[in-house]
Number of protein chains: 2
Amino acid sequence: MSGGYPKGRIRREDLISAAAVVYGEAGYHGGSLREIAKRAGISHAGLLYHFPTKEALLAAVLERRDAEDADREQLGVPPGLEVLRRFLTLAEHNARHPGIVDLYSRLAAEAVTPGHPAHEYFERHYRDARHRVRDSLRVLADTGELRPGVDPDEAALAFIALMDGLQVQWLTTPSEVDLAGALRGFLQTLLTVPLQP
Amino acid sequence: MSGGYPKGRIRREDLISAAAVVYGEAGYHGGSLREIAKRAGISHAGLLYHFPTKEALLAAVLERRDAEDADREQLGVPPGLEVLRRFLTLAEHNARHPGIVDLYSRLAAEAVTPGHPAHEYFERHYRDARHRVRDSLRVLADTGELRPGVDPDEAALAFIALMDGLQVQWLTTPSEVDLAGALRGFLQTLLTVPLQP
């Protein structure tokens with residue numbers, strides 16, 4: 001009733017949720033602020049109060065996704081086998097949430113252009129993901145758990161690419177693609193020890 | 001001058017080229033027929049004469065891309081090592097043509113939804129690509145050229161996914177991704193013989 005802080009925060013979260021749905025359906029460029037406001041049951045002016053620009057709203061969507069992933073999978077563990085297991089758990093989570101995967105795939109494909117407001121996010125996202133996997137594979141190489149001949153940089157690039165490419169194929173032909181299973185199979189070929197204890 | 005057949009065909013090709021550029025920049029949903037007509041230097045009514053619907057124009061763009069790929073790489077060779085080499089040649093070609101890769105990645109990500117006019121194209125495209133790679137890996141298994149333990153179905157799925165995922169990462173951070181090199185490295189791990197003669 002008062003428009004105070006808790007209500008404002010709820011409105012903000014509602015808008016981020018509505019934006020994630022609209023971006024997933026129509027892409028970032030195809031998703032208008034008017035449509036997002038309508039879905040959230042808020043006036044266009046009300047939306048602009050919380051997010052003055054399309055870019056600010058997109059940044060909030062991406063930040064929330066990362067925060068949720070990090071919370072759920074506790075992605076901050078030190079480099080090693082456990083990091084790879086957490087990526088698999090994330091893939092299993094994604095396989096139960098096609099809407100999130102759809103949003104991510106569409107934005108990643110749109111944001112390849114340097115001018116796109118999510119471009120720097122995805123540059124950083126890919127670089128961070130590659131480095132986390134590479135550092136983990138290096139640790140495994142030191143303990144003899146990496147298959148001889150596997151290059152940590154090349155394998156990290158392939159792992160992240162495989163994750164992305166599988167998502168699009170899985171969304172297109174869900175009954176023919178085992179999202180987490182294919183990733184698990186690939187990871188296991190890199191190791192001399194069982195991935196799962 | 002007369003609006004006869006050769007001129008009509010040139011106009012049609014111009015429109016397909018303009019559509020490929022606009023879809024690559026703004027996605028299919030974000031690219032309007034008006035913008036495409038403007039790029040091709042043709043009136044909106046002139047565009048509608050050649051392509052009465054957005055869907056018809058998109059189908060023409062995808063068909064031309066497939067025809068060009070098939071012509072250039074002679075993709076119709078029998079299953080075997082040569083098929084895998086042709087996929088690599090295609091990746092090398094793509095690495096010189098980021099605009100084509102951008103268009104493909106955006107449309108693939110947009111078209112995961114069953115209602116999208118390119119959805120059936122991508123279902124068929126992925127299925128065909130997986131089957132061609134799988135059949136080739138089966139031939140190599142028969143001749144002892146496939147590494148023991150490699151499953152042709154799983155490896156084919158991973159290969160096509162890797163190709164797609166690498167494209168998006170390469171477009172995002174071009175200086176950090178060797179598109180064809182990463183694919184070549186992965187293919188070589190599947191084989192007991194050198195991929196290149």
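Computation of the quantities below employed the complete heavy-atom set of this structure, encompassing side-chain atoms and omitting hydrogens, waters and symmetry-equivalent molecules.
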>> Is A:Ala182 in contact with chain B via its backbone, its side chain, both, or neither, using a 4.5 Å heavy-atom distance?
In response: side chain
>> Using heavy-atom distances under 4.5 Å, tell me whether B:Leu183 contacts chain A through its side chain, its backbone, both, or neither.
In response: neither
> Same cluster for A:Ile36 and A:Ile42 if Ile/Leu/Val/Met/Phe/Trp/Tyr side chains link at under 4.5 Å?
Replying inline: yes
>> Looking at A:Lys38, I want to see if its NZ is surrounded by more than 12 non-hydrogen atoms of other residues, nucleotides or ligands under 6.0 Å.
In response: no
> In terms of hydrophobic clusters joined by side-chain contacts under 4.5 Å, are A:Leu47 and A:Val21 together?
Replying inline: no
> Which atoms of B:Glu123 come close to chain A, meaning under 4.5 Å heavy atom to heavy atom: side chain ones, backbone ones, both, or neither?
Replying inline: both
>> Assigning hydrophobic clusters by single linkage (Ile, Leu, Val, Met, Phe, Trp, Tyr; side-chain heavy-atom cutoff under 4.5 Å), is A:Val139 placed with A:Leu195?
In response: no
> Under 6.0 Å from the CD atom of B:Glu120, do we count more than 12 heavy atoms belonging to anything else shown?
Replying inline: no
> Under a 4.5 Å heavy-atom cut-off, does chain A meet the side chain of B:Phe122, its backbone, both or neither?
Replying inline: both
>> For the OG1 atom of A:Thr189 and the CZ atom of B:Arg147, what is their distance to the nearest 0.5 Å?
In response: 6.5 Å
> According to a 4.5 Å side-chain heavy-atom criterion applied to Ile, Leu, Val, Met, Phe, Trp and Tyr, with indirect links allowed, do B:Val83 and B:Leu191 form part of one hydrophobic cluster?
Replying inline: yes
> Do you know which of B:His119, B:Glu176, B:Glu154 has the most heavy-atom pairs under 4.5 Å to chain A?
Replying inline: B:Glu176
> Rounded to the nearest 0.5 Å, how far does OG1 of B:Thr113 lie from CZ of A:Arg106?
Replying inline: 7.0 Å
> Which atom pair, heavy atoms only, marks the closest approach of B:Ala109 to A:Ala109?
Replying inline: CB-CB, 3.9 Å
> Looking only at heavy atoms, what is the nearest atom pair of B:Val168 and A:Val112, with distance?
Replying inline: O-CG1, 3.9 Å
> Under 4.5 Å between side-chain heavy atoms, hopping through other hydrophobics if needed: is there a path connecting A:Leu58 to A:Ile100?
Replying inline: no
> Got a second to check how far B:Glu110's CD is from A:Glu110's CD, nearest 0.5 Å?
Replying inline: 7.5 Å
> So do the side chains of A:Thr173 and B:Arg130 get within less than 4.5 Å of each other, counting heavy atoms only?
Replying inline: yes
> Nearest 0.5 Å, what's the CG-CG distance between A:Asp164 and B:Leu162?
Replying inline: 10.5 Å
